[in-house]
Undergrad: 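Before we start, here is the structure in question, set down as structure tokens.
Treat the numbers as computed from the prediction; the structure is a model and nothing was measured. These numbers come from the heavy atoms of this one structure, side chains and all, not from hydrogens, waters or symmetry mates. Order of the sequence lines sets the chain letters (A, B, ...), proteins ahead of strands, with each chain counted from 1.
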Number of protein chains: 2
Amino acid sequence: MTAMPESPDIKPVGAGRQLLFLREEELRLAQDLLFFGYRDFTAGPDAILAELNMGRAHHRVLHFIGRRPGVTVGDLLAILGITKQSLGRVLTPLIDEGYIVQVPGRNDRRQRLLSLTPKGQELERRLFERQREWVMRAYREAGPVAVEGFRRVMRGLMGAEAREQLDRPTGVSPKSAA
Amino acid sequence: MTAMPESPDIKPVGAGRQLLFLREEELRLAQDLLFFGYRDFTAGPDAILAELNMGRAHHRVLHFIGRRPGVTVGDLLAILGITKQSLGRVLTPLIDEGYIVQVPGRNDRRQRLLSLTPKGQELERRLFERQREWVMRAYREAGPVAVEGFRRVMRGLMGAEAREQLDRPTGVSPKSAA
DNA sequence: CTATTGTGTCAACGAAGCTGACCCAACAGG
DNA sequence: CCTGTTGGGTCAGCTTCGTTGACACAATAG
């Protein structure tokens with residue numbers, strides 16, 4: 001059912017319909033998988049967050065700051081792809097409640113370099129572990145080859161911008177080369 | 001940040017720490033991929049929908065009704081995993097504007113069997129084609145083996161409930177569904 | 001005839017996006 | 001030194017899409 005040649009141009013009479021159908025069903029399946037998969041992937045952390053009166057947006061902020069300690073507000077905005085105001089509504093409480101600290105940039109003192117406090121690391125880790133179990137289960141069941149395939153496809157689903165961000169060393173952004 | 005050596009050569013004894021680290025990075029990468037991938041996967045349809053003053057929720061309704069014509073409201077609620085009220089706010093306008101029709105069930109006349117009108121099919125197809133291009137690009141770049149792996153992992157990321165729903169015959173129902 | 005079920009709907013709330021406008025401090029260039 | 005730009009913060013208001021709770025009503029089941 002999944003075995004089909006890579007030939008988008010060939011339309012042998014009779015087989016064309018079949019191919020077309022398979023492709024369409026294939027794609028619709030992908031839509032289903034992404035919807036259900038993503039939903040259930042986020043369900044674990046969501047439950048923890050709800051108890052703390054937080055949402056998915058808080059998790060994302062914790063995650064990406066944890067991933068790139070010392071990131072600037074501007075870079076974080078670029079990574080998340082949201083507006084300053086949207087970020088603010090989530091970031092400010094996280095700072096106020098001691099999950100995140102900001103220190104002025106050493107080169108440019110206007111910048112606020114963000115990093116997790118121990119408290120922030122702890123929460124991020126809790127959320128991470130929850131998702132880790134979930135993903136590891138899927139990885140184990142699917143096997144290493146499948147995992148590699150998963151990564152390749154997900155990468156392809158990302159836009160060019162996102163791909164660049166992902167490829168950027170998990171430390172400082174070389175954007176300030178200006 | 002901890003500066004870590006990139007030397008995956010060593011695998012034998014004493015590699016525990018290294019392995020642990022790799023696993024963690026592996027998992028964090030999965031988080032990134034799912035966030036960016038899902039976001040960009042939905043971006044295309046979102047743009048079309050915005051022009052029609054609709055949102056992602058409308059797309060999901062069109063998608064799942066298209067996938068299972070004649071589905072009942074109750075089943076749709078179960079598939080989407082949302083409340084009646086949430087669905088109503090999206091479903092009612094779609095019916096009012098002629099994208100979806102409901103016909104009373106022949107076995108149980110309380111039920112409203114939902115299906116797409118030609119207008120609804122047309123819109124669903126537009127949205128589908130947009131996403132199709134995007135996914136096909138990713139599939140083509142990744143290759144068939146990767147696609148199979150992607151499917152296996154995504155399936156594993158789904159909860160048991162969702163998996164059952166997915167396995168239920170798609171688009172059948174002209175029979176007697178209960 | 002009564003209880004339950006399938007569906008619809010009102011009202012209020014929360015999370016997380018958005019735009020527009022404006023402010024301040026720090027940097028950069030003349 | 002003065003001025004314009006940039007990094008960041010904030011107020012105000014709007015939208016989408018999820019939630020709970022309550023109630024209505026027709027149809028089905030017993």
Undergrad: Between the two ends of the helix from C:dC1-D:dG30 to C:dG30-D:dC1, what is the bend in degrees, rounded to 10 degrees, where each end axis spans five pairs?
TA: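 End-to-end axis angle for the helix from C:dC1-D:dG30 to C:dG30-D:dC1: 20°, rounded to 10°.
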Undergrad: Looking at the side chain of B:Arg60, which of C:dG6, D:dG18, C:dG17 is the nearest nucleotide?
TA: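 Nearest listed nucleotide: D:dG18.
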Undergrad: Using atom CZ of B:Phe35 as one end and atom P of C:dA16 as the other, report the distance to the nearest whole Å.
TA: 13 Å
Undergrad: Determine, using ring centers only, whether A:Tyr38 and B:Phe35 are less than 6.0 Å apart.
TA: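 Between A:Tyr38 and B:Phe35, which both carry aromatic rings, the centre distance is not below 6.0 Å.
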Undergrad: Under 30°, 30 to 60°, or over 60°: which ring-plane class applies to B:Tyr139 and B:Phe150, parallel, tilted or perpendicular?
TA: perpendicular
Undergrad: Could you work out which one of C:dC27, C:dA16, D:dG8 sits closest to the side chain of A:Arg112?
TA: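 It is D:dG8.
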Undergrad: Picking from C:dT7, D:dG8, C:dC27, which would you name as closest to the side chain of B:Val73?
TA: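 Side chain of B:Val73 sits closest to C:dT7.
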Undergrad: For the pair made of CG in B:Leu77 and C1' in D:dT20, what is the distance, rounded to whole Å?
TA: 15 Å
Undergrad: Please report the interatomic distance CG(A:Leu62) to CZ(A:Arg67), rounded to the nearest 0.5 Å.
TA: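 Nearest 0.5 Å value for the CG-CZ distance: 14.0 Å.
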Undergrad: Hey, what do you get for CZ (B:Arg89) to CG (B:Leu94), rounding to the nearest 0.5 Å?
TA: 12.5 Å
Undergrad: Is there a donor-acceptor pair closer than 3.5 Å between any side-chain N or O of A:Asp40 and the backbone N or O of B:Gly159?
TA: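 Yes: the side chain of A:Asp40 pairs with the backbone of B:Gly159.
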Undergrad: Any residue in residues 83-93 of chain A with a heavy atom nearer than 4.0 angstrom to DNA chain D? Just list them by number, or reply none.
TA: A:Lys84, A:Gln85, A:Thr92
Undergrad: Looking at A:Gln102, does any N or O in its side chain come under 4.0 Å of the phosphate oxygens OP1/OP2 on D:dG9?
TA: yes
Undergrad: Listed in order of residue number, which residues of residues 36-56 of chain B have a non-hydrogen atom at under 4.0 Å from DNA chain D?
TA: B:Gly55, B:Arg56
Undergrad: Atom CG of A:Leu113 and atom P of C:dA26: how far apart are they, to the nearest Å?
TA: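 Whole-Å distance recorded here is 15 Å.
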Undergrad: To the closest 0.5 Å, what do you measure between CG (B:Leu76) and CG (B:Leu80)?
TA: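 Interatomic distance, B:Leu76 CG to B:Leu80 CG, rounded to 0.5 Å: 4.5 Å.
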Undergrad: Less than 3.5 Å between a donor and an acceptor, one on the side chain of B:Arg110 and one on the base of C:dT5, is that the case here?
TA: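 Indeed there is one.
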Undergrad: Between B:Arg28 and B:Glu24, is there a side-chain N and carboxylate O pair less than 4.0 Å apart?
TA: yes
Undergrad: For the backbone of A:Pro69 and the side chain of A:Ser115, can you confirm whether one donor and one acceptor N or O come within less than 3.5 Å of each other?
TA: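 Pair absent, no side-chain N/O of A:Ser115 close to backbone of A:Pro69.
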Undergrad: Inspect the contact between A:Glu129 and A:Arg132 and indicate whether a charged nitrogen and a carboxylate oxygen are less than 4.0 angstrom apart.
TA: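 Looking at A:Arg132 and A:Glu129, the cut-off is met.
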Undergrad: Does a side chain donor of either A:His59 or A:Asp46 reach within less than 3.5 Å of an acceptor in the other side chain?
TA: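 No.
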Undergrad: Find the distance B:Arg106:CZ to D:dA27:C1' and express it as a whole number of Å.
TA: 15 Å
Undergrad: Please report the distance, rounded to the nearest Å, between CG in A:Leu76 and P in D:dG8.
TA: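 The distance from CG of A:Leu76 to P of D:dG8 comes to 10 Å, rounded to the nearest Å.
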Undergrad: B:Arg151 vs B:Glu148, test: salt bridge (charged side-chain N to carboxylate O under 4.0 Å, His left out). Steps then yes/no.
TA: CA-CA 5 Å; B:Arg151 281 201 271 250; B:Glu148 180 52 26; 3.7 Å; yes
Undergrad: Could you check how far CD of A:Gln111 sits from C1' of D:dG8, rounded to whole Å?
TA: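 Atom-to-atom, A:Gln111 to D:dG8, this comes out as 10 Å.
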Undergrad: Any side-chain N or O of A:His58 under 4.0 Å from OP1/OP2 of C:dA15?
TA: no
